[in-house]
Each structure stands twice: as C-alpha cells, then as structure tokens.
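A note on names: the letters A, B, ... follow the listed sequences, proteins ahead of strands, and every chain is numbered from 1. Keep in mind that the numbers below use all heavy atoms, side chains included, and drop hydrogens, waters and symmetry copies.
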Amino acid sequence: MEHIIIIGGGGAGAALAHDLTLRGFEVSLFEKGELTSGTTGRHHGLLHSGARYAVHDRAAAVECIEENRILRTIAPQALEQNDGLFVALSQDDEEYGETLLDACRTSGIKAKKISAAEARALEPALTPEVRGALQVPDATMDAWRLAMYFFATARRSGATFHPFCEVQGIDTRAGRVTGVEIIDYTAGKTRTVKGDLVVNAAGAWAGRVAALAGIDVPIQPGPGVLVAVEGRVTNMVINRMHPAGEGDIIVPQRGLSILGTSLWLADDPEDISPPKEHVDRITALCARMVPAVGEAAVRSVWSAARPLIRDAEASSPQQISRTFECYDHKVIHGVEGIVSLLGGKATTVRAMAEKTAGLICHKTGHEIPCRTRTTPLIPWRCFFSDAPRGGLPRSAP
Amino acid sequence: MKRKIRLKIRRHRPGSETPPRFEIFSLTIDAESSVLDALEMIQGGQDPSLMFRRSCHHSSCGTCGMLINGDERLACVTRISQFKGGTVTLEPLPGFPLLGDLAVDMTPFYRDIDEGWDYLRGAENLGGTKLPDGVERFERFENCIECGCCVSACPVAGEEKPFMGPAALAALNRELQKTEEPATLPLLEQAGSERGERLCNRTLACSRVCPTAVYPARHILDLRTRLRGGRREP
C-alpha cells in the first residue's frame, strides 16, 4: 500500500496514523520535538460534551458529543468520567441557560436542568451564589495519555514514529509532492524520505509546514492561558453558563484544578508567553464559580495555541468555529500529493483522522471503510513496552 | 522582574563522535519562569537542536523529568527563582537510555508495569451528598504520572539492574489494593519475587523526589508487611 508521511506528532497525527494503518497504509510520522510537545499535551484536558459550542457553533457541538461517546468506549482509562455542570451566577446566565438547554437538545447533547441546591449537593465547593445549573456529559481527559493510546495502537499496527525529526523541506517534482527533507536531531543529520502522499497535521504550526510547499493555508494560532492550582475541589467539570468567553471553566484532574482560559490571535505558535493580566483575570473569574480556586497555590501557568481556521467574518476570536477541515491542495492550489488537516480540537481528533483518511483513500483509489469508531485502543503503556529494548526504532522508512 | 541566568546543559547524542559536554546558554527570564519555559526559549531562539521531552506543562504527563542542579525534578513545575546563584545545571535522568541531550527513552520504566493495571480510582470525598445522574462513583486518575524520577533516584534501580524499582512496586501495590482474592496472588508473587521488594534498601530517595506525592517507599513497606504476614519491621 501507499506510503503516507504525516507531519506533526500531536493528537491529530496520532489518530491519523491509527486510522491509516488500520486501513492498511504504510505510515511514517515526523515530529520536530517529542511526540505531543505542541498543543496536544497542554490544553486543559476537557473532553467536551459539546455544550460549550451548542449555541454558536453547532457543527463543533455535534462533532464533540459524537466523539465524546466514542472515546469513552475506546480509551476509558484516559478519562475521568464525572460529567460537568454549567452554572448560572446571574439572571443573564439563567436566560442564556434556557437557550443553551434548547441548543443542547437540538445537538443531541443530553443536558439536565438542576436546581442550585442540587448543584451544591453534588459540588459543595460551588459558590453559594449559584442560581441553577445544567448537567452535561463533559469529562476530564489525560491529554498526554489519550494521544499516547492512539500512538501505541498505531505502532502495534506498524506505523513508525520519528520524534525529534523536523521537516525542513517538501520535495516537489512537476507539481507533485514526492517526499520530505528531514533534519534528524537525534543523529544531527539530514535525510530525504520518499512518500506517496504527505499530510500536514501540524496543528497551529500547519501554516509553517504548508509554506514549505509554497502553499498558504488559513490557519491562525489562537493561544490561551491556563492555570493549574493545587487541590481537587470539584469532581465535575465546572463551566460558566454564559456565551463562550474567558475564565469560564475549571477542569479537575488528579489532585489539581485547571483554570481556563483566554484567547488572543498570534502569528507565531511559539511566541505565546502567558500575559500576567490573563492569569489574574482567569483566576478571579473562575473563583466566582468556585471560591476555593482563588485561594489555592498555583502549581503552573502556561499557554497553548489553538489551531484556528481564519475567519474574517467572525465578530470575535471566540466566535471562530472549532470544527475542522481537510484540504486537498490538488483541488485548491494545483499541487498533487499533499493534504492539510486544519482546525479541530483534542476531543475530535478521531473524527479529524476519519475524514482525512477518507480523503486519502479517495485520492489513492481505495475503498476501505473506517474502523476506528469501534476499535478499542491499546493502553499508552504499550507504546513503550512494545518498543524494542535499547531505544525507539530509528531506521528510515 | 526580569533576571539574567545561565543554563548549563549536558549535551550528547548517543553514537556521535563528540564526547558529552556541558554547554552554557545565557537568557533573561521572568520571576515566574519554569525550567521548561527556559528550555523552550533556548530551543525557539538559540538552538532548535536541543533535545528534551515535554507535553502538559503542569505535572500531569510525566515527560519532563530531569536532573535539575543534581535532583530529579519536573522541568515544568520547577521555578528557576528558587535557586540562588546565576547558573542552573540540567542533565538527563540517570538510569535510562539516552535519546539525546536531556531526553531519555522510558521503555525500561514500563518493564514491570502491566499495561492493564487500573489507572483510575475513586476520587476523594469533597463533601458532596449526591452523585450526578448516570455517574456511579466520582473517579480520578492515579497520582503516579510515570515520570521516572523515583527510578532514577533509587540507588538500587536502573536499566541494567534486576530490581523492578519503586514506580513498578507502587503501581503494583495500588493494583493490589483494588484487587480481590484470589486474583491478588500473582501480584503478591511478583512483589515477592527475587526482583521485587526484597531489593529495596530503604534509602527513601523515591519518596523524596516524587513530584506528585505518590511516596513509593510507603507502598514498598506495605508490600513488605503484607508479604511477611502483617508484621512490620522494627
């Protein structure tokens, strides 16, 4: 079968390697740093129910709830499945809650209205000012282990992974991509890798990768700040019942509470130092929902760059859709042999992979159905225990 | 407040003809900067070839364990401001095969940890009086993030040594605590094997360096007590 080169070792690349190997393709994946060192590992760890998007971004909401159900069955040990609450703190919130409840219903998200007293019986750390809540099927994911589930399964199916190997060039001949130029930092050497098709799965870095083939893709890094504080003070994910904004989510995970987030638009996915005022604002806003997080010691502050698809029509960055697209550059730019996977989010990586692998099947003339919806993933630990002793495989494909 | 510091980083590629060396990088950091922030600044601005592992940035993934001024720590939650003097020394975790610079291969870490051991447990009681509809218990991940710091710090564990090490024994004991008889037997056999708890010499380095309060030495003592019929050693 055709040899597919994936550029980018985040969740999308991992899920795509899994899907493609299940369909029988030969897969090599290159990542400039360690696997999951970009956006994938460092988001807040929310497995979206889709409720956050239900009112303004129905496509993303529907994708989220469908994937939410699938991931619970194929990677259960990467999830704390405790559901989530949207909590109302004002009359405006309560009015938004009515819209949200309707939108959840039309998107297929099971949402249940509960009273303030019930919400505080579930989560006593909620502010006494809570006026009501919606229970939704949010969950916490281990952002690293979920991605490693996909990597482990893909490796067992024969995919090869090449971390610390940066793609520095995309080779083309007569309008067709033929392979990539790699600098392998583990050996300090450059080499050429031939492939039948190249997939740009570089997330917020996708613009840089596409530029190597002379292609412009509409990707816009959208960083946000996250704050981890000491102490697990709720078991459920706590969201503010208002339109997508800032400082409106608390994700419990192990013994930490992860507070999020903000959003600004950046040109460089690596120039994303957390602005101090974002940290203060997020912490204060989250403490309005759960006062204890405002008093807790800070464990870590960092930023993660969302891979947003540019949208000149969006009235604010928060309104940019969080759905995904895969682009066949033959159709758009006249360059054969390269596709880009743009947008999306950690919750939907499997669906992103399904659509992209479907496009690859179409382009290569295969009719092979997707099997990732029902194939259980093997645990992340197998990524290491399956590896040959003495190091990860390093041979060129 | 901005501050100038120097990072002294051990550089080496296995198989390279260049012998291991320390390279010094100078940079300006914020009061809040972590060691990982500084490494990312170097990789982004001064040397893209610098190899280190990282992912979550908040001590959940366990990828950025390294020796920081000689101690096993996570780069992501180690603030540089806590160190006096202008130089911080970084080296890869000893006891694991080197991939390059600060990055090690974690394969040996998983040698004695079964892929199927349960990574979830009941969550702590936070005073709630109800469970949400459809949720049978509040659950959470285990504390151990599999970073390898304890194995690296243990004087009797390591890639070439027989001891299964503190992380595997702690994970085994957690699994044992969740297992009912007689399925406990193979776990106890593994703990009591010639590569098991008997090789622990109670240095307690594992518990000292653990960044997520697993305290592996307590789990090893638990196993020792259980294997010896409930008698604690004096």
Side-chain angles (χ1 to χ4, degrees), chain A residues 32-37 40-42 45 76-78 80-83 112 118 121-125 135 137 140 142-145 164 166 183 185-188 226 228 232-236 252-256 258 270-271 273 299-302 304 378-379 381-382 384-385 387 389-392, chain B residues 13-16 30 32 34 36-37 40 43-44 48-63 76-77 97 99-100 103 105-111 113-116 118-120 123-124 126-135 138-143 145-146 212-213:
Chain A
K32 74 187 181 107
E34 173 59 299
L35 300 175
T36 75
S37 58
T40 288
R42 60 174 103 174
Q77 290 265 309
E80 295 179 0
Q81 300 188 30
N82 298 325
D83 275 9
K112 184 189 165 202
E118 280 178 283
L122 297 170
E123 294 293 1
Q135 182 191 336
T140 296
D142 184 316
W144 182 77
R145 285 174 179 78
F164 304 108
E166 182 165 4
I183 177 161
Y185 294 120
T186 68
L226 295 136
R232 183 184 184 92
V233 291
T234 67
N235 282 309
M236 305 176 77
Q253 180 249 96
R254 296 187 175 77
L256 299 173
I258 318 296
E270 292 177 22
D271 187 11
S273 291
R299 176 81 160 164
S300 186
V301 172
W302 71 102
I378 64 169
R381 289 170 179 142
C382 298
F384 300 94
S385 51
R389 289 300 311 280
L392 306 177
Chain B
R13 302 275 185 284
S16 139
D30 294 323
E32 302 295 314
S34 67
L36 182 55
D37 292 331
E40 289 180 335
Q43 195 187 45
S49 75
L50 180 65
M51 286 174 63
F52 56 97
R53 301 179 67 228
R54 69 190 197 276
S55 186
C56 79
H57 292 66
H58 60 284
S59 70
S60 296
C61 69
T63 60
C76 67
V77 289
L99 294 174
D105 172 13
M106 294 301 287
T107 302
F109 178 89
Y110 292 92
R111 187 176 59 181
I113 298 179
D114 192 282
E115 66 188 48
D118 190 3
Y119 200 58
L120 293 165
E124 38 277 72
L126 302 174
T129 53
K130 270 188 69 178
L131 281 169
D133 268 6
V135 174
F138 281 137
E139 64 184 7
R140 52 159 288 188
F141 302 123
E142 289 285 351
N143 279 333
I145 55 169
E146 304 171 329
T212 55

From [X] [atom1] over to [Y] [atom2], what is the distance, rounded to the nearest 0.5 angstrom?
| X | Y | atom1 | atom2 | answer |
| --- | --- | --- | --- | --- |
| B:L120 | A:E80 | CG | CD | 7.0 Å |
| A:F384 | B:D105 | CZ | CG | 8.0 Å |
| A:L226 | B:H58 | CG | NE2 | 8.0 Å |
| B:E139 | A:T140 | CD | OG1 | 9.5 Å |
| A:S385 | B:D114 | OG | CG | 8.5 Å |
| A:N235 | B:L126 | CG | CG | 4.5 Å |

Tell me which of these, [options], has more heavy-atom pairs under 4.5 Å with chain A than the rest.
| options | result |
| --- | --- |
| B:G15, B:P132, B:S16 | B:P132 |
| B:L50, B:D37, B:V135 | B:V135 |
| B:M106, B:R54, B:E124 | B:R54 |
| B:T129, B:D30, B:D133 | B:D133 |
| B:A123, B:A213, B:G62 | B:A123 |

If you count heavy-atom pairs under 4.5 Å between each of [options] and chain B, which one has the most?
| options | result |
| --- | --- |
| A:E270, A:M236, A:Q135 | A:Q135 |
| A:P124, A:A143, A:A125, A:A304 | A:P124 |
| A:Q253, A:R145, A:E166 | A:R145 |

[X] versus chain B, the contacting section by heavy-atom distance below 4.5 Å:
| X | result |
| --- | --- |
| A:I258 | side chain |
| A:A78 | backbone |
| A:S273 | neither |
| A:P252 | neither |
| A:K32 | neither |
| A:I183 | neither |
| A:A228 | side chain |

Which bit of [X] is near chain A, if near means a heavy-atom gap under 4.5 Å: side chain, backbone, both or neither?
| X | result |
| --- | --- |
| B:S60 | both |
| B:S34 | neither |
| B:I145 | both |

**A:R232 (side chain) donor-acceptor with B:R140 (main chain) under 3.5 angstrom** = no
**Asked** Any donor-acceptor pair under 3.5 Å linking the side chain of A:E34 with the backbone of B:F52?
**Response**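 Not at all, since once roles are kept as given, no pair shorter than 3.5 Å links the two residues.
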**Request:** Applying side-chain contact (heavy atoms from CB on, under 4.5 Å), name anything that partners B:S55, two or more places apart in sequence or on another chain.
**Result:**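 A:T36, A:W144, B:C61, B:T63.
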**Item:** Check: B:S59/A:R299 side-chain N/O donor and acceptor closer than 3.5 Å
**Value:**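 A pair is found: one side chain offers a donor N or O, the other an acceptor, under 3.5 Å apart.
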**Asked** If you measure only the distance, is there a donor-acceptor pair under 3.5 Å linking the side chains of A:Q77 and B:D118?
**Response**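 The answer is yes; a qualifying pair exists.
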**A:D142 and B:Y119: CA distance, side-chain angles, deciding distance, side-chain contact (heavy atoms from CB on, under 4.5 Å) verdict** = CA-CA 11 Å; A:D142 184 316; B:Y119 200 58; 4.1 Å; yes
**Request:** Please report the closest heavy-atom contact between A:T186 and B:L99, naming both atoms and the distance.
**Result:**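 A:T186 and B:L99 have their closest heavy atoms at CB-O, 4.4 Å.
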**Closest heavy-atom pair and its distance - A:S300, B:C76** =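 Smallest interatomic distance, heavy atoms only, reads OG-O, 3.9 Å.
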**Item:** Step-by-step side-chain contact (heavy atoms from CB on, under 4.5 Å) determination, B:C56 to A:R42
**Value:** CA-CA 4 Å; B:C56 79; A:R42 60 174 103 174; 5.5 Å; no
**Message:** Assess whether a salt bridge exists between B:E146 and A:R381, defined as any Lys/Arg side-chain N lying under 4.0 Å from an Asp/Glu carboxylate O.
**Reply:**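 Judged by the 4.0 Å cut-off on N to carboxylate O distance, B:E146 and A:R381 do form a salt bridge.
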**Item:** Within-4.5 Å side-chain heavy-atom neighbours: B:P48 and A:Y185
**Value:** yes
